[in-house]
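Labels below follow one simple rule: chain letters A, B, ... track the order of the sequence lines, proteins then strands, and each chain is numbered from 1.
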Amino acid sequence: MNELQLLTWARGPGLDIAVGIFVLGVLWRLIEIYTLGRKKDLAAPRRAAGASGLHTVFRRSLAPPGMLKRSPVSYIGGYTFHIGLAIIVFLGAPHILLISNLTGLSWPALPAQLIDLVAVVTMAAMLVMLFDRITKPAKRFLSTFEDWFTWTVTFLPVLTGWLAVQHLLLPYTTMLALHILSAEILLIVLPFTKLFHAFTLFGSRWYNGSANARKGVPV
Amino acid sequence: MSASLNKVTQTLKEVIDAPIASYFESCVHCGLCAEACLFYTETGDPKYTPIHKVEPLRRVYEQEYTLLGRLMKMVGLSKPITDDELEQWQELVYDSCTMCGRCSLVCPVGNDIVYMIRKFREGMAVSGHVPDGIRSATRRTVEIGGPMGLKWPAVANVLKHAEENTGLTIPVDKEGADYLVLLSSMEIVNYPEYIEALAKVFHKAGISFTLASDAFEATNAGIQIGASDIARVIVSRIVDAAERLKVKYVLSPECGHAYMAIRWEGPNLIGRPYGFKVVHVLELLDQLRQEGLLKMKDTFKDPLILHDPCQIVRRGGVLQAPDALIRQVAENYIPIADQQKWNWCCGGGGGASAIHTEEAEALRARAFGVKKRQIEAAGVGTVVTFCANCRITMEEALDHYEMNTKLIGLTELLAEHLED
Amino acid sequence: MQGPLIDTLARQGVSRRTFLKYCATLASMMALPPAAGRAMAEAMAAARRPSVIWLPFQECTGCTESFTRSHSPTLEGMIFDMISLDYQETLMAAAGHQAEEARHTAMRDNAGKYLLIVDGSIPLGVDGAYSCIGGRSNVDLLQEAAAGAAAVIAVGTCAAYGGIPKANPNPTGAVSVSDIVKDKPIVNIPGCPPIPVVMTGVLAHYLTFGSLPELDDKGRPKAFFGETIHDRCYRRPFYDQGKFAKTFDDEGARRGWCLFELGCKGPVTYNACATVKWNGGTSWPVESGHGCLGCSEPDFWDAGGFYKALSVPADPLGFTAAAAMVGAGAGVAGGFANRAKKSTAKKTHEPVTLDDLEVPK
């Protein structure tokens, strides 16, 4: 198989398989998780301004008071790489084209050089986060194979995408194929690893927020 | 699988629900919950990271309720929980967790970790992996009536003294009263002033109240140990008495977990909503303040800070009343950085204060470090709180550090300065 | 035609000066030092013209056309004067047994020294019966001719990689020259058709230095195939700015914006079109408003459609709907199993007693 065939496979059957497993996994896991149900809270609720599941879904994106100071790397690094990933995925021209091809939705792209810069910053932030995971006692203690693995599969698409655009290491065609393949691996493992938090965090925040909202506590 | 382990899995299978599943699936091992836990911040020991304290629960969830986990279990690739492991976790689930719920407030993916601890304790309790102190408190509550083994005659005696001191009548088992007043053993034994203060306030406001001779104890060790069946037995005493006496309100004492038990867990334990309302004493006092019925004859002059008990404020929702009340009575109230729902626990909640092993006591003393810094930073000689358990925990810690800080209950402080 | 090349050229009205200039340009295109231009001119002018056998297989003659059918005679066309073209079906006057005889003679007289040029792919299906010349299959002819060749030049994408005949489903079982010939140096000059000057360059290099130019891992002369169309494209700045033509007749197309979204394969196509251009430097596909098809890349015909951008699916997603059904099914099945398990646990619940709290014996 030559690199153009690899690329065509990645864009064709590979993408089909990856998106298929992704959709399958996401639906399966979401249904499996949320059909477990929960008991109705029978205690008389108390109402308070700013306390609801929806409030918490949004509020939890901000660092709680004092926490930024306690764990600056987690917050600044975390914000940087999450926002960076979002910019690259949703504002890079080739990615918008992919989304538009799959969904019909389209919007203007950012200049390629800016995306390049964001990719570099994102990778730097991810490396810092990795270093933090290695050196910070609580994080290191919690870390399992899955943590290193998911870091890698998240890092690789950014790295290969950047290398492809910069024409580094391997010919563009090969790198582009590897980039698409690495993104496909990310799609495939997402529903079955902690990366699934991209979906469940909304449910988790909502549960936490609504349970505490019944007590009148905006969390 | 041993019989006790079987009980653990059966129980955990009952209590694991969609929120728990969602929480476990969302955790990214970021470790930020550790930064919110005083047992981690004060010791630096990563095993006290809150989410780690529910690791066996996570494994049961995964092995019982996820398709992949079931497959792994079938082919023998998963690690089942063991008795040894649960024994090891006892310290993490009880000694080093006060169910203060601060971690639930910082988790970036929104996990309510204290909710998970509460559920996990159900499994720990049925298999006997519980600290002796909490176990015997639970036994005394069920068999005698209160965690300290207090019986009605002793309470009646305290009430008689209160009547003598105040010159007011304290009604007992009076049908049709507005309020059924609950007490905690700790208050009856250590802070009887609370009862006198309450009698004065009720008299002043012209509100009728009563105590129930068969349901005076508000605390519920069943909740702390995590056995809902036992907690139900205990809470039912109060519900039965309230319904028998046809009261409109049940007044929860200052005690934090008592409020949690009667206000929030009670209806869910008995499986139906109450026919009466549960009010925390500070909510009542604040309401009277707003109605102008809580006038002070003078104010308290010494500078002081407020310690917000977790179960009443962060976990109980009584957010505004304490601040308004303390401003009513204290001239030099100094608000601190982490207060109200962001407060730091005293270190003795969730039943921890009942554990009297050397290790547990040493750990509590260390965990008090954060409170100690708050007191020292504010430079005050007085700490006001509104939970008998916080008060006793902090008193022990102040002794340990040989600090001269004075501890006062908020209701008691208000009563002292109440207009005659 | 005998005698040195320079005489031939002079007879055709190409001055020595023009020839020198051309050789200098060629040398610079091939990234050779300036002195190489003169060396090339001298070597070529004086060279004894090597014997060349040109075998056409499954092809459309487009490659030959590319070299011969210019509007006006070009220097590229003169490559035929550099060599002694002893066999080329399309161009030769001889036919039938006479032509075959010429081939045999050339192979015999120049054994081990002649150059073999091949255009077209080689069908292997039905024992090679899809394409035969004088009753012999292409693969047979190729093996025979390659055995005595000094080197093989595979001209065009078909000879280099199998090309269009090899496109899915490849009914004739077409393969490339390098799939058959394993023991001779092979130069691939892919393109559909290939750029004439690349051919001239390779021959000039061979005549001057007696060796083949530096090749990449696909056997292509590095000098011409070192960079992608995209990297040398004059529309590249628009790509970097995110300015794309969305249709062939929109404002962006009129303004000459990047054709990436219209399926241009420039980013994955290694060729010299963007610098050398076509038709005597007049224009090239992208300049004329159409994206690159990637014709000089292996399997370009099956690379997901000419009008599909590189970052979009090459095929429509076929599994998604089925996967969604299976996923939802697995979820619901798991959900039911979970609920059944939970309700069993609840049904068999035995009230917790104080004795349960005791340490297990």
Under a 4.5 Å heavy-atom cutoff, which of A/R46, A/E32, A/R38 has the most pairs with chain B?
A/R46
For A/Y207 and B/D112, indicate whether the former's side chain and the latter's backbone hold a donor-acceptor pair under 3.5 Å.
no
Okay, side chain of A/T103, backbone of A/L105: is any donor-acceptor separation there less than 3.5 Å?
yes
Could you tell me which of B/R315, B/R272, B/Q340 has the largest number of non-hydrogen atom pairs under 4.5 Å with chain A?
B/R315
Measure distances from B/K277 to the heavy atoms of chain A and classify the residue's part below 4.5 Å as side chain, backbone, both or neither.
neither
So, A/F155 versus A/W148, ring centres under 6.0 angstrom or not?
no
When you measure from the side chain of A/W151 to the backbone N and O of A/L127, does any donor-acceptor pair fall under 3.5 Å?
no
Indicate yes or no for a side-chain donor-acceptor contact from B/D338 to the backbone of B/W344 under 3.5 Å, with no hydrogens or angles considered.
no
Report yes if the distance between the aromatic ring centroids of B/H52 and A/F141 is under 6.0 Å, otherwise no.
yes
In terms of heavy-atom pairs under 4.5 Å with chain B, which of A/R214, A/K194, A/R60, A/R29 leads?
A/R60
Drop me the distance from A/L190's CG to A/I185's CD1, to the nearest 0.5 angstrom.
13.0 Å
Ranked by heavy-atom pairs below 4.5 Å to chain A, first place among B/E265, B/E55, B/E283 goes to B/E283
Derivation of the side-chain contact (heavy atoms from CB on, under 4.5 Å) call for A/V26 and A/L30:
CA-CA 6 Å; A/V26 167; A/L30 284 178; 3.7 Å; yes
Step by step, would you call A/F192 with A/W28 a side-chain contact (heavy atoms from CB on, under 4.5 Å)?
CA-CA 10 Å; A/F192 308 102; A/W28 155 17; 3.5 Å; yes
At what distance, to the nearest 0.5 angstrom, does CD1 of B/I238 lie from CZ of B/F276?
8.0 Å
Do you know which of A/G203, A/P45, A/S74, A/P65 has the most heavy-atom pairs with chain B at a distance under 4.5 angstrom?
A/P65
Chain B: which of A/V219, A/D147, A/L195, A/N212 shares the most heavy-atom pairs with it under 4.5 Å?
A/D147
Answer yes or no for B/R314 and B/W342: cation-pi contact, defined as NZ/CZ to six-membered ring centre under 6.0 Å and angle to ring axis within 45°.
no
Output the option from B/P108, B/P273, B/G44 having the highest count of non-hydrogen pairs under 4.5 Å with chain A.
B/P108
Tell me, side chain or backbone of B/V318 under 4.5 Å from chain A's heavy atoms, or both, or neither?
both
So, the part of B/Y61 with a heavy atom under 4.5 Å from chain A: the answer is side chain
Chain A contact via B/R263 - which portion, at a heavy-atom distance below 4.5 Å
both
By a 4.5 Å heavy-atom criterion (distance strictly below it), what part of B/Y48 contacts chain A: side chain, backbone, both, or neither?
neither
Contacting moiety of B/C107, where chain A heavy atoms sit under 4.5 Å:
both
Below 4.5 Å, heavy-atom pairs only: which of A/S71, A/A138, A/G216 has the largest tally toward chain B?
A/A138
Using non-hydrogen atoms only, which part of A/A44 is less than 4.5 Å away from chain B: side chain, backbone, both, or neither?
both
If one checks every heavy atom of A/K136 against chain B at 4.5 Å, the contacting part turns out to be side chain
A/F202, part contacting chain B, at a heavy-atom distance under 4.5 Å
neither
A/Q166 side chain to A/L163 backbone, donor-acceptor under 3.5 Å
no
So what's closer than 4.5 Å to chain A heavy atoms on B/L319: side chain, backbone, both or neither?
side chain
Let me confirm one number: the CG-CG distance from B/L32 to B/N111, rounded to the nearest 0.5 Å.
11.5 Å
Heavy-atom distance under 4.5 Å to chain A: side chain of B/T66, backbone, both or neither?
both
Note: vs chain B, highest number of non-hydrogen pairs under 4.5 angstrom among A/L142, A/D132, A/L201, A/D41 is A/L142
Mind ranking B/A21, B/S26, B/G101 by heavy-atom pairs under 4.5 Å with chain A and telling me who comes out on top?
B/S26
Please classify the contact between B/L67 and chain A as side chain, backbone, both or neither, with a heavy-atom cut-off of under 4.5 Å.
both
